[in-house]
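Since the model is a prediction, treat every value here as computed from it, not as a measurement. In the text below, chain A, chain B and the rest are named by the order of the sequence lines, each starting its count at 1.
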Amino acid sequence: MKKPVSKFAVYNPAKIEPKWQKKWASTKIFASKEDSKKPKFYVLDMFPYPSGEGLHVGHPKGYIATDVVARMKRMKGYSILHPMGFDAFGLPAENYALKTKTHPAIATKKNVERFKEQLHILGFDYDWSREVNTTDPNFYRWTQWIFLQMWKKGLAYESFEPINWCPSCKTGLANEDVEDGRCERCGTPVEKKPLRQWVLKITDYAERLLADLDIFDNDKPLLDWPASIVKSQKDWIGKSEGALLKFELKIDGVKISGAKSDHIKNIEVFTTRPDTLFGVTYVVLAPEHKLVSELLNNAVSNNLITNRKEVESYITRTKTETEIERTDAQKEKTGVELKGVKAVNPVNGEEVPVWIADYVLADYGTGAVMAVPAHDERDWQFAKKFGLPIKHVIVPNFGERNNTAELVDGSVVVAFDPAIQKYTCLHWKNPERYTIVSGGREKGENYEETAKREILEEAGIKEVKSWHQLGETLFASYWNESKKKYKFATSMQYLAVVDSSKIVAHNREEHENFDVEWKSAEEILGLFDKYISKSGHLYEIMARAVYLLHEKKLDTTSNLRKFDFIKSVPFIESGTLINSGTQFDGRNSEEIKKEITTSVGGQWVTKYKLRDWVFSRQRYWGEPIPLIHCEKCGVVAVPEKDLPIKLPDVKSYEPTGTGESPLAAISKWVNVKCPECGGKGKRETNTMPQWAGSSWYYLRYEDPKNKRALVDPKKEKYWSPIDLYVGGAEHATRHLIYSRFWHKFLYDIGSVSTIEPFIKLQHVGLIMGEDGRKMSKRFGNVVNPDDVVKTYGADSMRVYEMFMGPFDQQISWSTASIIGARRFIERVWKLMDKVEMRSAEVSRGRELGLAKRSQTDERLAALRVLHKAIKKVTNDIEALRFNTAISTLMITVNEIEKVPTLTREDFETLLKLLAPFAPHVADELWSNLGNKKSVHISSWPVFDPKTAEDSTTTIGVQVNGKVRATLKIGLEISENEIKTQVQALPEVKKWLTGKEVKKIIVIKGKIISIVTN
RNA sequence: GCCAGAGUGGUGAAAUUGGCAAACACAAUCGACUCAAAAUCGAUCGCCGAAAGGCUUGCGGGUUCAAGUCCCGCCUCUGGCACCA
């Protein structure tokens, strides 16, 4: 009742939002224009896939962000391109269509309409006249055109290699479409299937795709991308340099010189570690390696491979394994020896066995590796399992201790008596030192047997309650006193639990120069400091181990491995060569890599993990590949004037599963004349993957209706590159690699003018359901934006989503919290009552004069707050820190509410700052102020540091690091004055009584710190 | 296993270069208004303590007048990669 009645209507978003949406559309204020007088700003969202489920509140988060940026940039005077479109080809649409028995084209059309409705009510500033849709023939005509250009340049080729095949989706997949051995779409384990397919040579661009991530433009990095995405791409491309080395083959002791083909004479391997060449103890071929079948079928070798059956059955077995089983690194290694065949190590002529094992991948490197178990984890596991020899050729760089090549393999053992809580060590007399029971393995012994023998011989311990192996084999050095030199050891560590009272002191071999002593864990650690460390790292390991064990911190080898003087076995780092001949012994492994490669006639090469892009799908709903197979001419391009090759209507678009697409069944469409010779030809019936259209769609927005080119060069030059690209992080190694590849290709053929498409990339953090799980129909936690808009209004939803938290962070939706955004908007709405509405007829000049006279303290306070906000909001939007921009606006409103009246000018400033976030309410209030044109085409406020400056500041006063008081001071005040004032404060005096002030530190505008004795 | 990133109240979070930790919100509690409720407005709101005061940014150390921020060690979580020789 006493409630003040507003001069204006109650805030009702349901009424004002549609009104402004209509107005914006009819006045076309958001139409993008190439305006040579203005700087341009191209801001893009990753376009959505119009699924049947519609949008949930998480989807628009990124769109709101780009809308905010676009609106601010427009007000700052930029010509904006902020378009939207739909990525509608692909498996989900087709699977959805199959399920609902509707044609994918119809389902897609319906879904797009639904999406557009949902987007519309959120009030985005898209220029819908530039909408693109990848399934529109006018669009995919150019997708096909790009493919043809690639084909003409030899970048698209037909291949028959086995590829990833999803048995559920019934189509081949690219490497990028496989996640953990499963189809990225449906989760079905992927199989390997030989299939005719079209492949794009993305590997030709591997180096540029990698190098340009770090390229500089005028001393500034060209790309402003999240480090995590850059890293993902680098990992995916996976560059490594190494050597191609040839191992000659011998069958039953005879070199196969009589073999027909040249390559059968040797096995070529790729290795990044040619420095370990002397440590090769066998060679492994992938089961799919060509040489395997050739050796099995070759007339010469046929009968000489003595275990032919066994080999064949192993190969059959590996074929039935799924990719998941096959590539599981945890799984135990399997393999079979190719008996009768030997490979000759080119560096020393040593003959080593040839094995076939599925841990070697057929499609990386040469599909064959030289195995060095001492210096490779996988080879080590394999050698252990099959009892193959292990030869150490690299030792760690333990400083000056590298002057020896002698390597011992043995055990170290400490006995523990729980009754007295003590451990054994050996006390030597001359020179005095302490060591630990240890010894090398004798022939035929295993580590444990060595440990048992040594502890009996050296410590006289026969009866042991229990044995504990401490971790695994480790690599260290030790001092051999009798030989006066350091040695290296690979050793296993043991703990023997005993009863010391039962031990007869001299029940051991006679050793005059040492005694067995029992020490506590602390004592042993102390001895290590005094003596043991001088004796080398091997003993240090045990001293540490004993101590850690006692502290119960030792559970795994990893605790020991953390000491940098201890290395695990296999030793896979670089180091110093041993057992590698006079030329290489003692040299650094990194330094001799190329030298050793050349010395055996090898080649230094670069390899990438990136594979060529399997580009054909055996499905209906995709762009037809514009090629014709002619009986006479082979593969022929569809003439460009015949593009687009439209996807024909078909009764059954069910995938066939035969490796042919459903298009193959439409003979009318398939059978065509060859454009070259006029003879019989058949269309290519595979279609393109979903990634095709999205690899270049961003260019089409620049010139969406062009019939002669995919984009007009002038328009392309004006708008490219994209200044800000916002989307999900899940595209790091798919869309964002594919589109960079296509862009670079288009650059090469002169279709675009930039080497990279996306300058600044930002990813959106997902909005999770209120239960913390991903929003999904399955969990019943989906929140629909339509409902939120109905209850709170689009502006409130926009403000809430931007305020939730850091933009790139994953955050759960909270229905309870949206009310805060709505309240905030309502408060802004009510500010209208405070505005002094000087009539609009008052001339601008007079108004300014008036404004000058009325510079009251209140006005100044309001201006100060506003100008601080201008700076913060502007910077925050530029840096995509929307949450703090909104909180600044909230603070501003809270402050302004305290002021009884508000000038129109000041309220306008506030509305401008608010406009990007809450565009409808901003425009409504803006027009209430009497403005005829939209706030969105007004100019962004300019920050004035003078206006924002405070006349006084309150700073904290610390005494000995603790805040004890605050002090309000003017800006002009001198440092000495501050010091005096501060010490006079009662709250400070209290803490200074009886103490002497030693130092006062004054950090202007921040803090005063008093230090006493 | 490897490589990133993160860890701050009941919750989402904030904190330019090392400079008053918890801004801004949500929730909660109390009060005003109301027949009542909602809405709105006002107050309280890290922990311990009656207070003085003490403690507090995952844990343990260190540097500094001053550490969420820098250094060393550890724990936990999230994401990416993972038999790529």
For B:U78, the Watson-Crick or wobble partner whose two distances fall under 3.5 Å: B:A4

Let's test this: given Watson-Crick or G-U wobble pairing with both distances under 3.5 Å, identify the partner of B:A15. none

Taking atom P of B:C24 as reference, at what distance in whole Å does atom CZ of A:R822 sit? 23 Å

Watson-Crick or G-U wobble mate for B:C35, both contacts under 3.5 Å: none

Classify the nucleic acid contact of A:G820 as base, sugar-phosphate or nothing, counting any heavy atom under 4.0 Å across all strands shown. sugar-phosphate

Glycosidic torsion of B:G12 (syn if within 90° of 0, anti otherwise) classifies it as anti

Between A:Y800 and A:W813, is the ring centre distance below 6.0 Å? yes

Is A:S240 touching bases, backbone alone, or none of the nucleic acid, heavy atoms closer than 4.0 Å? sugar-phosphate

Looking at the side chain of A:Q809, which of B:A13, B:A23, B:U40 is the nearest nucleotide? B:A13

Between B:C83, B:C26, B:C20, which one does the side chain of A:V963 approach most closely? B:C20

Let's test your reading of the model: under 3.5 Å, does the base of B:C83 pair with the side chain of A:K333 as donor and acceptor? yes

A:R273 CZ to B:C83 P, in whole Å, measures 19 Å

Which nucleotide in the set B:C65, B:A85, B:C24 lies at the smallest distance from any side-chain heavy atom of A:M890? B:C24

Could you let me know what B:A21 is paired to, Watson-Crick or G-U wobble, both distances under 3.5 Å, or none if it's on its own? none

Interatomic distance where CG belongs to A:L245 and C1' belongs to B:A85 [whole Å]: 12 Å

A:I1007 has an atom CD1; how far is it from atom P of B:G19, in whole Å? 9 Å

Quick note, A:A816 side chain, CB onward, closest among B:A27, B:C24, B:G53 is B:A27

With respect to the phosphate group of B:C20, does any side-chain polar atom (N or O) of A:K962 fall under 4.0 Å of OP1 or OP2? no

Under 4.0 Å, heavy atoms only, any strand: does A:T884 hit a base, just the sugar-phosphate, or nothing? sugar-phosphate

Classify A:K871 by what it touches in the nucleic acid, base, sugar-phosphate, or nothing, heavy-atom distance under 4.0 Å. nothing

Round to the nearest Å and state the distance from A:N960 atom CG to B:A66 atom P. 8 Å

Out of B:C65, B:C83, B:A25, whichever nucleotide has its closest atom nearest the side chain of A:L361: B:C83

Would you kindly compare A:A821 and A:A227 by the position of their nearest RNA chain B nucleotide and give the one closer to the 5′ end? A:A227

Output the rounded distance in Å from CD1 (A:I356) to P (B:C83). 21 Å

Can you establish whether the number of heavy atoms outside A:I978 located under 6.0 Å from its atom CD1 is more than 12? yes

Between A:R881 and A:S1009, who's closer to the 5' end of RNA chain B by nearest nucleotide? A:R881

By the 4.0 Å heavy-atom rule, please label A:I955 as base, sugar-phosphate, or nothing. base

Quick check: any donor-acceptor pair below 3.5 Å linking the side-chain of A:S817 to the base of B:C26? no

Is a salt bridge present between A:E207 and A:K239, judged by a nitrogen-to-oxygen distance below 4.0 Å? yes

Is the phosphate of B:G53 approached by A:R964 (side-chain N or O, under 4.0 Å from OP1 or OP2)? no

Here the distance between atom P of B:A25 and atom OH of A:Y800, to the nearest Å, is 15 Å

Does OP1 or OP2 of B:A25 have a side-chain N or O of A:N894 closer than 4.0 Å? yes

Can you figure out which of B:C20, B:U40, B:A85 approaches the side chain of A:V360 most closely? B:A85

Whole angstrom is fine here: how far is it from CD1 in A:I819 over to P in B:A28? 12 Å

If pairing means Watson-Crick or G-U wobble with both distances under 3.5 Å, then the partner of B:G73 is B:C59

Salt-bridge contact A:E801-A:R798 (side-chain N to carboxylate O under 4.0 Å): no

Could you label the plane-to-plane angle of the A:Y738 and A:W613 rings as parallel, tilted or perpendicular, counting under 30° as parallel and over 60° as perpendicular? parallel

For B:A85, what is the paired nucleotide under Watson-Crick or G-U wobble rules, both distances under 3.5 Å? none

Between B:A23, B:A27, B:A85, spot the one nearest the side chain of A:S887, thanks. B:A23

Across the strands shown, which category fits A:F824 at heavy-atom distances under 4.0 angstrom: base, sugar-phosphate, nothing? nothing

On the 0 to 90° scale, with breaks at 30° and 60°, tag the A:F386-A:F382 ring pair as parallel, tilted or perpendicular. tilted

Quick check for you: to the nearest 0.5 Å, what is the distance between A:I229 atom CD1 and A:E730 atom CD? 9.0 Å

So which nucleotide from B:A13, B:G19, B:C3 ends up closest to the side chain of A:N883? B:A13

Is B:G42 paired to anything, Watson-Crick or G-U wobble with both distances less than 3.5 Å, and if yes, which nucleotide? B:C30

Correct closest heavy-atom pair for A:P373 and A:P570 would be O-CB, 3.5 Å

Nucleotide nearest A:I811 when distance is taken to its side chain, options B:A85, B:C24, B:A13: B:A13

Residue-phosphate contact under 4.0 Å: A:Y364 side-chain N/O, B:A85 OP1/OP2: yes

Would you call the rings of A:F270 and A:Y364 parallel, tilted or perpendicular, taking 30° and 60° as the class edges? perpendicular

Touch check for A:V369, heavy atoms < 4.0 angstrom, all strands: base, sugar-phosphate only, or nothing? base

Counting side-chain heavy atoms from C-beta on, which of B:C20, B:A85, B:A13 comes nearest to A:P806? B:A13

Determine the contact category for A:V284: base if any of its heavy atoms lies under 4.0 Å from a base atom, sugar-phosphate if only primed atoms, P, OP1 or OP2 are that close, otherwise nothing. nothing

